[in-house]
Each structure stands twice: as structure tokens, then as C-alpha cells.
K.L.:
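Below you will find the structure I want to go over with you.
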There are 2 protein chains.
Amino acid sequence: MTDGTRSTPATLHDVAREAGVSLATASRALNGSTRKVNEEYRTRVLAAAARLDYSPNLSAQAVARGASTTVALLVADIADPYFSSIAAGVVAEADLERLIVTMAATERDPERELELVRALRGQRPRVMILASSRRTDEPTDGPLAEELAAYERAGGRVVLISRNEYALRTVLLDNRAGAAALATALAGLGYRRFAVVTAGEGLRTAGDRLAGFRDGLAAAGIELRDTDVVRGEFTRDGGYAATTALLERGLNGVEVVFAVNDVMAVGALSAIRDAGLEPGADLAVAGFDDIATVRDVTPPLTTVRVPLEQIGRRALRLALDDADASGPASPATAPDAVPTEVVIRASTPGPRTR
Amino acid sequence: MTDGTRSTPATLHDVAREAGVSLATASRALNGSTRKVNEEYRTRVLAAAARLDYSPNLSAQAVARGASTTVALLVADIADPYFSSIAAGVVAEADLERLIVTMAATERDPERELELVRALRGQRPRVMILASSRRTDEPTDGPLAEELAAYERAGGRVVLISRNEYALRTVLLDNRAGAAALATALAGLGYRRFAVVTAGEGLRTAGDRLAGFRDGLAAAGIELRDTDVVRGEFTRDGGYAATTALLERGLNGVEVVFAVNDVMAVGALSAIRDAGLEPGADLAVAGFDDIATVRDVTPPLTTVRVPLEQIGRRALRLALDDADASGPASPATAPDAVPTEVVIRASTPGPRTR
DNA sequence: CTGTTAGCGCATTCAC
DNA sequence: GTGAATGCGCTAACAG
């Protein structure tokens, strides 16, 4: 029961007094490196701490130690399965290191992102992970770069996910190669006329995937017409709207549409169905990411698998493992890209035999 | 460029010296309440801070002020859309208050939850939000309750989401009434034979929804047979497995299956389809939560809408708004439950006319 | 308004 | 091993 007795939390000082030992001893018993304190005192301190409901003040520890136990994570949208899966990975790995994760959402707004980086930097997090989307028009020497550099100079470690236009640690996701492989696979299935549903210009990820898809088609001797590239927001509704626009304009022979991520692809599926057509049969659909739900839509979605949770884990590891302060990896020693894999499902049954 | 020059972050002290003012003045110029410092000094301090890339140390501020700017959020599984939507709401609302959210995942393990609460308490968060699932066998005077009580006694505010078996602030989600309304609606559609896919015993939310569904059926003069209640994990795969078991056992006339949450329902849809049946037509399906994806599955899922993001926002507001330290609301003044709404979609077309 | 000073809670030197 | 003292970065009285 929480009665009205509002008191301040017990401090280490209180514990020391209660146990009849010095502050230093209490500190050592509760945290100090490996056992250096008499077993008797030790148990007395622990008992006192339990009795007083003592909980070490992490802020105070951080100040005294000059180092926090925090990891900052920036994503574009927490409710988006792409980001929440990455976040789950980061949190899981952080937990192993007894690190606490703080999370913020940029909503894909570069200014917000900058503000958040600034604010989060105040935490002096051990690591800062940026999973939020990078933009093509983003200068590598702008204020964000400045901020990140300052953070690193002060001993922080930043990890980018996906692209490494900055000279910073990066979990490389080869969007371009993945999309190319998808295009190759679809061409192998016999498709010849393609359309792409992508995000508005400016988003690196979307741009790379489109470019990669073009690469793959070109390798198969297929050209992607600019008029067959439609754009929408990088969301389910954006995919729905763009696909609807494509349909209204008239397919003109397009057999399959590639949406640059799965949430847009799912929107595409619904748009096709709402237009009275049958996804897969009348118009095939492929996505990218392999988020959990694409197995359960109808037809199950062909996509490019990206190990989202692992990416999150890897991002944290990357920052923690080279604690030798050797600085960010140079492009030459850049880590291998995370492996992606084309997964063909029923949404691309092969072109209709007529 | 981050060159090798690794330095410690600039401190307020540095800024003060650089600006040629006292520590106090620098502090006031950068944070101190409304303008009390000479405009000239003010700009000088700001300039110095910018020049030095100064970023206030939040930990130090927290220690000095005796109050943090942190909100701790506990969820069962970050990648689950139910929780990530709530989290998105919490983060969005926290952002308005310039509060930082720290997140942890209990993985539905009560022991983990306790550990996490203990660990998070060290942050001295202003608010602690528990969205992780409560269990029926959970004592209201166990160690978790103790821990939460201690936290509140020390001035913290905890908010529970869903159930209020504890005497703590709660965002009430009337799972029971929602499920009852769903049962009523389905009965109104003409269904007479029901099955339920639920989680293993012990989860409050699952239990309440099952009970409510029973209530609703009973009101319609329909009995739910115990043999028509199948259990699985509280996940998509759990729903899939349980439904598969139900199908293998034989439907025996069951017309519609209610899965106690949408992720399980989505699994049910796939299980039905994989068994060679047509969801909706051969076996209707209903879920609970109205997560984003259920509009895009086939057939679109009948469910009970729960304003997940709003719940997250409301949880934070609840904790912040009664900063008058009046303590947790008594049951009598408990806040209204969040409104839920039955949403009938194509997955429950009404019983087959044979 | 500004500067000086005393803490905040804790880790960690340094003597004992 | 243990305790006393110093300092981490910052805020908040407290005097000027």
C-alpha cells in the first residue's frame, strides 16, 4: 500500500549509516569491483540496502564515474514494424550488457532528428544508434554531422543503420544489391513489364532500392520506364495511394509492381483488391524487408528478407566491441553488409499465361 | 571529420570561463528559469556554448535538481504491434513535455519484469509505465508491488495499462466489456456456435477477454463449451498453432472463432487457409485490438478497436497531470475506461446459409 | 542581476 | 580491508 508517507529515496549514505559502515564500504559492497570487502560487512550492507529499499541513483553514478549506462536509439516511427523490429534487437542486446535504451522518434523530419540528437547527447549515452532514414540531400558536413562528430570526439560512439555516407560506424544494408537480386528473380520468373511504387524523392533507402531494382532489370535487358514509377509516402497508406494512382492511370501491360518496402506493398495489395482486381493474378506484387505480417496477407508477399532484429543487435555490438577507441572504421575496413535474401511467395506466381 | 582528438565534453565550467562569466550566470543563461540574465552576458554565454559544442549533462542536472526528465516504459515485446503502438503514443506525448523515454522488454517473464523495474528505478524516472501483461496469479503484495510502492513513496508515479488490481494509476481498458460487445455483435449476425483461441491461462488480458466473450454469449443465450476453447502462446504463431489444433480436432459445427488478440487472429487466418479452408466463409474469425495490419489481411478482420496510441499518450498524461502529489486515484475516482468499439469486417460475413 | 558557496548522490583516490 | 576526503557537473540558495 502506498500510504501518504512521501519520503525521498534512500541514499547510499542512509545505507551506510544503517549498516554502521562508511560510505566507501557501502559503495564497494554494492557496486565496487570484485569482492574486496569483508564478508560480514558485505552482508550487513546488503541487508541494510534491502531494508531501506535502496536503489542506486544511476544519474549520480554516471556523474561520479563519468560514464553512463545508456544507449540512445533514434528511429523514424516506432509503430512501423521495420523500426520496432530493429528496436527490439537493440533492446535485447543492450539488456545483455545491462544497458538502458532510450528511444526517440524523428517522424522523418530532419530538423526533429537534429534536435533529438542534441537532446539525447545530454544523456552522454555510451552509444547512439541512428536508424532513422537518411536523406539524399543531406550534407555530410551539415549541423547533424557536426553534432555527431562532437559527440564522437567526446568519446561517444555512433552507429548508423543502412548507409554510410558519414565516416561513422555503420551496419551496412545493401539495399541496392537486394533490390537487384529481386529484379533478377522476378525476371527469371518470366515477368517483363514492371512498375515501382516508391517514396517521395530524397529518401536514401527508397532511392537505393529503386536504383538496385533498375540495375537488376537492366541486367536482364529490361527497361523500367519513368512513367511506371509512382510515388507516395513511405507508409502503408502511401503505398495504397500510389498503387491506386497507378491503377487509375491504367496498367498498360504492367505485370508486377515492386513496392520499395513491405508496408507500402501491403498497401498496394489492398489497393489492387479494392480496385476489383486480384493481387498476384491480375497484378503481381513484391516488397522489401520481410516484416512479420507479409506471411499472413493474401497472397503471401514476395520480398527481400532483411534480418531486422539482428541488425539492431549488430548495431549495438558494433559500437561496443571496438571500445579500444580506435575510432570509426574507415571505408576500407567497413564491415560486411548484412545478408539479404530474396523470398518468392505467392504474390508473384509468374506472369499470367493467357 | 572526427579526427583522433579525443577530448572530454565541454562542461558548464568551460563555457563560463570562455564567456568570462561565473558558473552561476552561465547556468542561468542556459537553463535557469525565465530571463534573469543581462542580454549581453546571455548572448556571450550562448556563443561560448555553441563554440564549445556544449551540451548540458543531464545526469548532473538530475543529481543537482533532484529530479530527472525521464519516463520509463515497460512492455512485453517491442516488436509486437500492440506494444509498439502504445510506445509510439508514450514517446509522442513525452516529446511534448521534453521528457526522454527509456524502454525495456519483459518478454512476459514476471521475474524479468521485476528486475527491470528495479533497474529502471535507478534512473529515478518521473513516471514509470507498465504496459507489460499482468498475470492472474500475481499477488498484489508480492515483490513487484513492494518495488512499485517504494518507487511511489519516493515520489515516483507509476501507471498501469489495462488492469488495476494494484492501487495505482491505471489506464483502464475494459477488455471484458469489449469482448462482450463483440460476442453480442456476432450473435446478432446470426452465429450460434463459437470457439475461442486464447493464451495460456494466467494472462489477465486474455482471461478478461475470454470471460467477457462468455458474458456476451450468455446474454444471447449461447453457451461456450470448454472444449471449444483452445490455447496457444499470445503470439501470431500461438494463434496459428491453436487454430490448427482446433481444425484437426474437427470443427463440429463451430462457425466462428474469436482470437483474444489480433496477432493470434492473423495466425488463425493463415492456419485456416493452410488447412485448405476459406477464412470467413468456412470459418469466420474475429480478433481484438484493431492493429494496423488487420485491414490488409484477407478477409479484413472483424475486431474490437482499441486506441493504442492514445492509450500510450493517456498513460503519460495521467501520471503528469496530477502532479499535485495527491497519490493514486482511489477505485472510486478511477478514470473512465478507454472506449472500445466493435468493428465488423468481412472475416465475419454472417453464418453460412446452407 | 551577478558571483560565491554549498550541496546533490556517488566513486575513488589517499592515508590509516 | 576500511574510512575520510575530494571531485564529478550542475543547481540553488545565499550574499553582494
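Letters go in sequence order (proteins before strands), and every chain restarts at 1.
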K.L.:
In terms of side-chain heavy atoms, does A:Ser85 have a donor or acceptor partner in A:Glu309 at a distance below 3.5 Å?
P.N.:
no
K.L.:
Across the strands shown, which category fits A:Thr25 at heavy-atom distances under 4.0 angstrom: base, sugar-phosphate, nothing?
P.N.:
sugar-phosphate
K.L.:
Below 4.0 angstrom, N of the basic side chain to O of the carboxylate: do B:Arg121 and B:Glu147 qualify?
P.N.:
yes
K.L.:
What is the distance from CG of B:Leu58 to P of D:dC10, rounded to the nearest Å?
P.N.:
10 Å
K.L.:
Could you check how far CZ of A:Arg65 sits from P of C:dT13, rounded to whole Å?
P.N.:
12 Å
K.L.:
So, does A:Asn31 get its side chain near the phosphate of C:dC10, meaning an N or O under 4.0 Å from OP1 or OP2?
P.N.:
no
K.L.:
Provide, to the nearest angstrom, the distance between the CZ atom belonging to A:Arg44 and the C1' atom belonging to D:dT2.
P.N.:
12 Å
K.L.:
Go through the steps to decide whether A:Glu97 and A:Arg317 satisfy the test salt bridge (charged side-chain N to carboxylate O under 4.0 Å, His left out), and finish with yes or no.
P.N.:
CA-CA 10 Å; A:Glu97 305 284 338; A:Arg317 287 258 63 87; 3.0 Å; yes
K.L.:
When you measure from the side chain of A:Asn38, which nucleotide among D:dG1, C:dA11, C:dG9 comes out closest?
P.N.:
D:dG1
K.L.:
Between D:dC10, C:dT2, C:dG9, which nucleotide gets closest to the side-chain atoms of A:Ala60?
P.N.:
C:dG9
K.L.:
Whole angstrom is fine here: how far is it from CZ in A:Arg124 over to C1' in C:dC10?
P.N.:
18 Å
K.L.:
Is a side-chain N or O of A:Asp14 found less than 3.5 angstrom from the main chain of A:Thr11, in a donor-acceptor match?
P.N.:
yes
K.L.:
At under 4.0 Å, does any side-chain N or O of A:Gln61 touch on OP1 or OP2 of C:dA11?
P.N.:
yes
K.L.:
To the nearest Å, give me how far apart CG (A:Leu12) and P (D:dC8) are.
P.N.:
19 Å
K.L.:
Of the nucleotides D:dT11, C:dA11, D:dG3, which has the atom closest to the A:Ser22 side chain?
P.N.:
D:dG3
K.L.:
Which nucleotide, D:dG9, D:dT11, C:dT2, lies nearest any side-chain atom of B:Leu23?
P.N.:
D:dT11
K.L.:
Nearest whole Å is fine: how far is D:dC10 C1' from B:Asp14 CG?
P.N.:
13 Å
K.L.:
Starting at NE2 of A:His13 and ending at P of C:dA11, how long is that distance when rounded to a whole Å?
P.N.:
15 Å
K.L.:
What is the distance, to the nearest angstrom, from the CG atom on B:Asn57 to the P atom on C:dG9?
P.N.:
16 Å
K.L.:
Using 4.0 Å as the upper bound for N to carboxylate O, is an ion pair formed by B:Glu113 and B:Arg134?
P.N.:
yes
K.L.:
Mapping A:Arg28 and B:Ala24 to their closest nucleotides on DNA chain C, which lands nearer the 5' end?
P.N.:
B:Ala24
K.L.:
More 5' along DNA chain C: B:Gly20 or B:Ala64, using each one's nearest nucleotide?
P.N.:
B:Gly20
